[in-house]
Peer 1: 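One structure is given below, represented as structure tokens, and several questions about it will come after.
Just so we're on the same page: letters track the sequence lines, and every chain starts at 1.
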Amino acid sequence: MRWTLLSILGSLLFGCNAERVSTYPVRGRVLFTDGTPVRVGTIELESITFGTTASGQIQEDGSFVLGTYTPSDGAAAGNHRVVVVQIIVSDGTVQHTKDHGQPVPRRYGDYASSSLSVSVEPQPLNNLIIELSPE
Amino acid sequence: MQIRENRAQNGHLRPAFTLLETLVVIAVVSILLSLLVPGVQQVRAAARRVQCANNLKQLGLAAHLFHDTYGAFPPARLILDIERTGLDIGNSVALDEASWPVHLLPYLDQTNVYDEWDEYATYLEQTPGARNHAIAVFLCPARHSVSEAVVPDEEIVITATCGCPAGLQTVPGGAIIDYAANHGDLSPGAVNAPTDFYWGGNGTGVLISSRPAGNHKTVEPDWLDKIGIVDVADGTSNTLLIGEPHIPAESDKSTPYNGPAYFGRYLTNFSRIGGPGVPLAHSSTDQRANQFSFGSSHAGVVQFALADGSGRQIGTSTSTRVLGYLANRQDGQPAGGF
């Protein structure tokens, strides 16, 4: 009886998360093949198995932390397609006063043309190094 | 009161609540209140969300009425890239002209406000009455009321998505709006080139930046790059029209997220895109979203009007691939069952 009650309580507590996929912490850096970091942009992983999207902002040193449901909860386990997206706007409303570093080629911004892929392991921390060709 | 009077007349105690009884009653009442108050707040939030969705529906209908008149949806704004088009129209004022909310005014019972607008003049040349006229249907009650939806001139350092702050600039004041046009996805690119999505005609959404058809100081205001229902190749029920924009708390009522919205110069005050690299914001503090992201102040969902005029809620965890399919009107990916 007691266990029935406990299990009902438990399912009430955790039931809300039923449709969520388990995620595992991921961080890393995005670098060009010559070793310089990508200075601005967004990195995104799409799980091939689950279809979930994990994304993170790229910092000036190329580092990032990924989140799927919350900003830093990581990504689902398994293989992922990867895109690296930069939005550089020059419509005259802002002047660019800072060095963006090398631009990320356009093809890395689209799942159809970005050939990048990574694997996320079900472990407490994944450290990824993403390498982009500047051409 | 009755008990205290009795005590004074008779000189001895009458039956009364003990301290324990009083404390128990207070405890029970406070427990009941603690159950009730969040319930009331939830109902109020739900009511605001419904009102917010209702406004979206109105905007969707207005866009269709506009379409009935002009054979196309209104442009998000007018912008000209002379190098790209070779269309030099002299002293073009295109970038400083009105944005899509102004074009919808006559279809939202706001003809009196629209009549204050001079279509041959720039935003800065409009009367304060025209610029500062906040309208309830443009506002989501969960975010702003009409009385707080006008912002004064603002001296601001705008930080672009590239992370680079530009110099101090003055953004002229005006009324804000809490809805953003679907400008498409990032597929045209944003690489500092004439093909970038924000130039006229490049957007893959429904209300996009368009090129003016001539110098509006002299000719009848008209625009190229007209997007009509026939151009929404993925189907109007599979394409976003207008939605709720992501607005971080520190940029509330401020450019480039939520500044004066009738002013065509600052695209992200009235438009958004969605897709890979531009996810839906999970909350107003979501660092993964940026000034181009859709997002809402409701938990877990962002509300949209689709191009067929219907309303739809989309979960914030929707994959960016599906979001991109919904934002792009002609990618051949109808994205059913989202």
Side-chain angles (χ1 to χ4, degrees), chain A residues 16 19-21 23 38-47 50-60 64-73 76 81-101 103-114, chain B residues 77 79 81 95 157-167 169 171 185-199 209 255-256 265-269 273 275-280 282-283 285-293 300 315-324 331:
Chain A
C16 308
E19 56 190 89
R20 289 195 172 183
V21 176
T23 56
V38 173
R39 294 171 67 104
V40 289
T42 305
I43 178 169
E44 225 182 71
L45 271 64
E46 183 188 61
S47 164
F50 303 104
T52 51
T53 305
S55 57
Q57 289 289 331
I58 299 169
Q59 307 300 316
E60 255 183 81
F64 63 86
V65 176
L66 289 183
T68 301
Y69 302 107
T70 65
S72 56
D73 63 354
R81 299 182 191 90
V82 180
V83 291
V84 179
V85 176
Q86 250 180 3
I87 304 180
I88 296 179
V89 172
S90 57
D91 65 356
T93 56
V94 287
Q95 317 112 308
H96 292 207
T97 54
K98 208 170 96 176
D99 180 14
H100 303 142
V104 173
R106 180 71 198 101
R107 63 190 167 92
Y108 288 117
D110 195 329
Y111 284 111
S113 52
S114 163
Chain B
R77 61 159 175 183
I79 184 170
D81 175 13
L95 190 59
V157 175
I158 297 174
T159 303
T161 37
C162 53
C164 43
Q169 56 185 305
V171 178
D185 61 10
L186 250 186
S187 58
V191 292
N192 199 2
T195 51
D196 285 0
F197 72 93
Y198 46 84
W199 292 117
S209 300
T255 304
R265 186 185 294 180
Y266 298 96
L267 180 67
T268 51
N269 282 342
I273 60 177
V278 197
L280 293 178
H282 286 231
S283 72
T285 55
D286 193 339
Q287 294 296 314
R288 296 167 293 168
N290 58 47
Q291 70 193 73
F292 295 101
S293 294
T316 49
S317 296
T318 301
S319 81
T320 54
R321 179 189 290 264
V322 171
L323 182 65
D331 54 6

Peer 1: Looking at every heavy atom in both G51(A) and S319(B), which two are closest together, and how far apart are they?
Peer 2: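 Looks like O-CB, 3.2 Å.
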Peer 1: Report which part of Q86(A) has an atom under 4.5 Å of a heavy atom belonging to chain B: side chain, backbone, both, or neither.
Peer 2: backbone
Peer 1: Identify which part of T68(A) has an atom lying under 4.5 Å from any heavy atom of chain B, answering side chain, backbone, both or neither.
Peer 2: backbone
Peer 1: Whether the side chain of H282(B) engages the backbone of T70(A) through a donor-acceptor N/O pair (distance < 3.5 Å, no angle test) should be reported.
Peer 2: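 No, H282(B) side chain to T70(A) backbone: no donor-acceptor pair under 3.5 Å.
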Peer 1: Report the residues that fulfil side-chain hydrogen bond (donor to acceptor under 3.5 Å, both in side chains) with S283(B), sequence neighbours left out, ordered by chain and then residue number.
Peer 2: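 Listed in chain order: T285(B).
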Peer 1: List the residues meeting side chain to side chain contact (heavy atoms under 4.5 Å, CB included) with V85(A), not counting sequence neighbours, and say none if there are none.
Peer 2: V83(A), I87(A), L186(B)
Peer 1: Looking at every heavy atom in both R106(A) and V191(B), which two are closest together, and how far apart are they?
Peer 2: CD-CG1, 4.2 Å
Peer 1: Need one label for V278(B): side chain, backbone, both or neither, based on atoms under 4.5 Å from any heavy atom in chain A.
Peer 2: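 For V278(B), backbone and side chain are both near chain A.
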Peer 1: Indicate the atoms forming the closest heavy-atom contact of P279(B) with E44(A), along with that distance.
Peer 2: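 Looks like CD-OE2, 4.4 Å.
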Peer 1: Taking V104(A), I88(A), I43(A) one by one, which has the highest count of heavy-atom pairs under 4.5 Å against chain B?
Peer 2: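 Option with the greatest count: I88(A).
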Peer 1: For chain B, find which of T52(A), D110(A), V89(A) contributes the most heavy-atom pairs closer than 4.5 angstrom.
Peer 2: V89(A)
Peer 1: Counting only heavy atoms closer than 4.5 Å, note whether T320(B) contacts chain A via side chain, backbone, both or neither.
Peer 2: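 Interface part for T320(B): both.
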Peer 1: Which answer fits R107(A), side chain, backbone, both or neither, if we ask what part of it has an atom under 4.5 Å from a heavy atom of chain B?
Peer 2: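 Contact with chain B: none, neither part.
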Peer 1: Taking the side chain as C-beta and beyond, is there a heavy-atom pair between Q287(B) and P71(A) under 4.5 Å?
Peer 2: no
